[in-house]
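The figures here come from the full heavy-atom set of this structure, side chains too, leaving out hydrogens, waters and symmetry mates. Computed from a predicted model, the values in this text were never measured in an experiment.
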Amino acid sequence: MLRVLVLSLAFTAVALQEPRQSSAPLQLRYGVAAFGEVNPLQSLETLRALGFDYAEPALSKTVALDPAALASVRARLAATGIRVETMNWFLPGTDIKLTGPAVDSAKIRAYVETSLALAESFGAKVIVFGSPGARTVPDGFPRERAWAQLKDFLKTCGDVIETRRYGMLIGIEALRKPETNIVNSVAEALKLAREVNHPKIRIIVDFYHLAFEHEDPSVILDARDMIVHLQIADPRERTFPISEAAEPRYGAFFTNLHRIGYRGRISIEANSSDVEKDGRASLAFLKHMAEKYGR
């Protein structure tokens, strides 16, 4: 009896350590995010015609629109049926600093309240916190203090969302080292989110940054319960992804999404001079990958 009990407990312990395998097909919603010259708010009719599910505009740029331009965007969204489900570029690159000696807490709070109110009016469910210009740590400034400042910022965001009962989450995005000097891996984003320990603060996974930093896609398994959104681009030149042959890690990425039972959105965040042409090819490719590796 004792031997049976010991074996049973050992089996249970191993089972708890093993990543749970989802048997359900991988189901994704597909969108296009603002990046470079790509502005999804200018391509709503195209996105709808191609079959995309949503648009991901830049929050900081949308906040800066004048009332007439904002009204025009809302009218076109209503006419096309495309919804703004996520927003990236949370903070402007130069006007607000989140780390360093020049942090202005009152200014940050005012921007957070204004921008999240606008995002809520669009119905956005995830706000991507990349914002490399705002979060980059000034030379010589202690990293541990900058880390604490980011935690304070994220707690402010979470508290505003909870207090106003908004329906969104903040997703911390790991960015490659050429863009910022803090939170450069999914593992670091996960650490930051867990230390903030707020129900409205989670992470996103951007395949482009993950691949650039040579981070193993298995990190998705560790972050499973904290991932609320995905972004993707071809790692070679940050273009719309269209071919599995171009990047051997695509397969592991989609396989691990299936293993954790991910059910959510994936946005193409990449350069394009022809959104219609590139969007058509990329949407077909992403659906193929979800079908191939998601069963």
Side-chain angles (χ1 to χ4, degrees), residues 27-29 31 33-34 40-41 44 53-67 69-71 73-78 80-92 95-96 98 103-131 134-135 148-173 183 189-205 223-231 261-267:
Q27 297 177 358
L28 301 173
R29 290 177 61 76
L41 295 181
L44 295 174
D53 298 304
Y54 66 92
E56 183 176 315
L59 179 51
S60 57
K61 292 187 176 183
T62 308
V63 167
L65 293 176
D66 62 48
L70 197 57
V73 166
R74 294 188 190 280
R76 290 178 60 230
L77 285 166
T80 59
I82 287 280
R83 298 180 61 183
V84 170
E85 297 186 8
T86 56
M87 302 184 87
N88 65 354
W89 291 15
F90 187 0
L91 295 100
D95 295 343
I96 295 177
L98 301 178
V103 169
D104 185 335
S105 298
K107 184 177 182 179
I108 291 171
R109 176 85 186 200
Y111 177 80
V112 167
E113 291 181 347
T114 299
S115 61
L116 293 186
L118 180 66
E120 176 70 9
S121 75
F122 279 105
K125 301 304 180 186
V126 177
I127 307 302
V128 178
F129 172 45
S131 307
R135 85 188 198 200
Q149 288 174 324
L150 291 181
K151 289 167 64 174
D152 288 342
F153 164 71
L154 290 165
K155 288 177 182 177
T156 295
C157 294
D159 290 345
V160 169
I161 292 171
E162 276 199 331
T163 299
R164 299 192 176 185
R165 299 183 179 180
Y166 290 160
M168 67 187 67
L169 298 168
I170 304 295
I172 304 168
E173 179 184 17
V183 192
L190 183 60
K191 180 177 185 290
L192 180 57
R194 286 175 172 164
E195 288 184 10
V196 172
N197 191 29
H198 194 290
K200 300 300 182 182
I201 306 302
R202 293 292 184 263
I203 72 167
I204 81 147
V205 177
R224 62 176 68 238
D225 295 327
M226 298 291 282
I227 299 172
V228 295
H229 184 45
L230 306 169
Q231 293 176 337
Y262 178 77
R263 296 289 180 272
R265 305 171 185 87
I266 183 167
S267 296

Between Ala55 and Pro40, what is the shortest heavy-atom contact and its length?
CB-CB, 4.0 Å

Distance-only donor-acceptor hits, side chain of residues 118-131, under 3.5 Å, sequence neighbours excluded:
unit_1	atom_1	unit_2	atom_2	d
Glu120	OE1	Gly167	N	3.1
Ser121	OG	Arg74	NH1	3.4
Ser121	OG	Arg74	NH2	2.9
Ser121	OG	Leu118	O	2.5
Ser131	OG	Leu91	N	3.1

To the nearest 0.5 Å, how far apart are CE in Met226 and CG in Leu169?
10.0 Å

State whether the side chain of Arg76 and the backbone N or O of Leu41 hold a donor-acceptor pair below 3.5 Å, judged by distance alone.
yes

Point-to-point distance, once rounded to the nearest 0.5 Å, from OG1 of Thr114 to CG of Leu116
9.0 Å

Could you tell me if the side chain of His229 sits less than 4.5 Å from the side chain of Glu173, heavy atoms only?
no

In a table with atom names and distances, give each donor-acceptor pair under 3.5 Å that connects a side chain of residues 154-163 to protein atoms at least two apart or in another chain.
unit_1	atom_1	unit_2	atom_2	d
Thr156	OG1	Asp152	O	3.0
Asp159	OD1	His198	NE2	3.2
Thr163	OG1	Asp159	O	2.8

Quick check for you: to the nearest 0.5 Å, what is the distance between Lys200 atom NZ and Met168 atom CE?
9.5 Å

Rounded at 0.5 Å granularity, tell me how far CG in Leu230 sits from OG1 in Thr86.
10.5 Å

How close do Ala134 and Pro92 get, heavy atom to heavy atom, and via which atoms?
CB-O, 4.1 Å

Got a sec: does the CZ of Arg109 have more than 12 other heavy atoms crowding it under 6.0 Å?
yes

Ile96 to Lys107 - nearest heavy-atom pair and separation:
CG1-CE, 4.2 Å

Output for pair (Ile204 CD1, Ile170 CD1), nearest 0.5 Å, gives 11.5 Å

Within this structure, what is the CG-CD1 distance for the pair Leu192 and Ile172, rounded to the nearest 0.5 Å?
4.0 Å

Between the main-chain N or O of Tyr54 and the side-chain N or O of Arg265, is there a donor-acceptor pair closer than 3.5 Å?
no

Where Gln149 and Leu98 come nearest, the two heavy atoms and their spacing
CB-O, 3.3 Å

Got a donor-acceptor contact below 3.5 angstrom from the Ser60 side chain to the Trp89 backbone?
yes

Worked check of side-chain contact (heavy atoms from CB on, under 4.5 Å) between Ile203 and Ile227:
CA-CA 5 Å; Ile203 72 167; Ile227 299 172; 4.1 Å; yes

Would you say the side chain of Thr62 lies within less than 4.5 Å of the side chain of Val73, judging by non-hydrogen atoms?
no

